[in-house]
Amino acid sequence: MSSPSHKRIWKVVSLIPQGKVASYGQIADLAGLPGRARMVSKALKCTPEELAIPWHRVLRADGKIAFPVGHEFGLQQQQLLREEGLQVDRLRVNLSACQWQPDLPTLLFALDY
DNA sequence: ACCTTGACATTGG
DNA sequence: GCCAATGCCAAGG
């Protein structure tokens with residue numbers, strides 16, 4: 001199931017560079033869906049296999065991995081983030097100096113504005 | 001049409 | 001920092 005909103009969300013997430021992270025709410029805002037952080041999580045859950053996007057770079061606003069402790073995806077996410085050089089402590093990322101700040105022109109171009 | 005469910009965010013204690 | 005209460009809103013029963 002894919003809606004126009006989902007596609008915009010996937011595009012925005014695909015722009016997050018290696019070593020940087022963003023929150024669900026931030027992605028929603030950038031995708032033109034203010035206040036709809038939960039829609040971002042849904043969109044990620046429905047991501048088609050063939051679409052390779054850096055889903056692991058999306059965290060809660062406080063830097064925590066959204067999956068419960070012990071969840072397989074959470075552990076995988078933690079590992080992927082560490083492989084990018086980020087410091088992850090107990091499923092939480094130290095947000096200092098790794099928060100994504102999108103380049104506006106690039107963002108607008110990606111969203112066909 | 002009503003109810004429940006989230007890979008969330010914010011606020012207040 | 002942790003927890004509970006609220007707000008949020010699309011999807012699926």
Side-chain angles (χ1 to χ4, degrees):
Chain A
M1 199 75 103
S2 81
S3 70
S5 297
H6 283 188
K7 289 179 186 169
R8 283 208 304 288
I9 289 169
W10 293 329
K11 277 186 182 175
V12 175
V13 171
S14 71
L15 298 177
I16 309 175
Q18 183 180 187
K20 295 288 181 182
V21 297
S23 72
Y24 294 87
Q26 183 185 359
I27 297 300
D29 290 345
L30 294 173
L33 302 163
R36 275 173 267 183
R38 302 189 92 131
M39 192 167 187
V40 174
S41 57
K42 284 203 171 195
L44 291 182
K45 189 164 51 182
C46 314
T47 306
E49 282 290 333
E50 64 273 17
L51 198 58
I53 61 176
W55 59 271
H56 59 283
R57 295 174 189 148
V58 186
L59 306 166
R60 286 193 173 167
D62 61 3
K64 273 173 71 176
I65 283 175
F67 297 96
V69 289
H71 192 290
E72 112 179 75
F73 281 178
L75 295 172
Q76 182 187 1
Q77 184 170 17
Q78 185 173 229
Q79 181 182 341
L80 288 169
L81 289 169
R82 282 177 172 152
E83 287 172 0
E84 297 190 356
L86 279 76
Q87 179 193 339
V88 191
D89 175 48
R90 280 174 246 183
L91 300 179
R92 192 175 1 148
V93 171
N94 184 348
L95 289 180
S96 60
C98 68
Q99 299 192 74
W100 179 42
Q101 219 47 33
D103 173 64
L104 195 48
T106 302
L107 175 70
L108 296 180
F109 178 74
L111 294 177
D112 304 316
Y113 271 101

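Model, not experiment: these values are computed from the prediction.
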Does anything in residues 20-37 of chain A reach DNA chain B, meaning a heavy atom under 4.0 Å, and if so which residues?
-> Ser23(A), Tyr24(A), Gly25(A), Ala37(A)

Please state how far atom [atom1] in [X] lies from atom [atom2] in [N], giving the value in whole angstrom units.
| X | N | atom1 | atom2 | result |
| --- | --- | --- | --- | --- |
| Arg60(A) | dG1(C) | CZ | P | 14 Å |
| Gln76(A) | dA7(B) | CD | P | 16 Å |
| Asn94(A) | dG1(C) | CG | C1' | 16 Å |
| Ile9(A) | dA10(C) | CD1 | C1' | 10 Å |
| His6(A) | dC9(C) | NE2 | C1' | 11 Å |
| Leu91(A) | dG1(C) | CG | P | 14 Å |

Relative to the ring of Phe67(A), is the ring of Trp55(A) parallel (under 30°), tilted (30 to 60°) or perpendicular (over 60°)?
-> perpendicular

Any side-chain heavy-atom pair of [X] and [Y] under 4.5 Å:
| X | Y | value |
| --- | --- | --- |
| Gln79(A) | Leu75(A) | no |
| Lys64(A) | Arg90(A) | no |
| Pro102(A) | Leu15(A) | no |

Around atom NZ of Lys20(A), are there more than 12 heavy atoms of other residues, nucleotides or ligands at under 6.0 Å?
-> yes

Span that lies between the P atom of dA7(B) and that of dT6(C), in whole angstrom = 22 Å

Check each of Ile53(A), Asp112(A), Leu107(A) against Lys11(A) using the side chain to side chain contact (heavy atoms under 4.5 Å, CB included) test, and report the only one that passes.
-> Asp112(A)

Considering Watson-Crick and G-U wobble pairs with both distances under 3.5 Å, what does dC8(C) pair with?
-> none

On DNA chain B, more 5' by nearest nucleotide between Asp62(A) and Lys42(A) is Lys42(A)

Under-4.0 Å side-chain N/O to phosphate OP1/OP2 contact, Arg92(A) with dG1(C) = yes

Any side-chain N or O of Arg38(A) less than 4.0 Å from the OP1 or OP2 oxygen of dC8(C)?
-> no

Pair of N/O donor and acceptor under 3.5 Å linking dA7(B) base with Lys45(A) side chain | no

Of the listed dA11(C), dT10(B), dA7(B), the closest approach to the Ala61(A) side chain comes from dT10(B)

Do Val13(A) and Tyr113(A) sit in the same hydrophobic cluster, where Ile, Leu, Val, Met, Phe, Trp and Tyr count as joined when their side-chain heavy atoms come under 4.5 Å apart?
-> yes

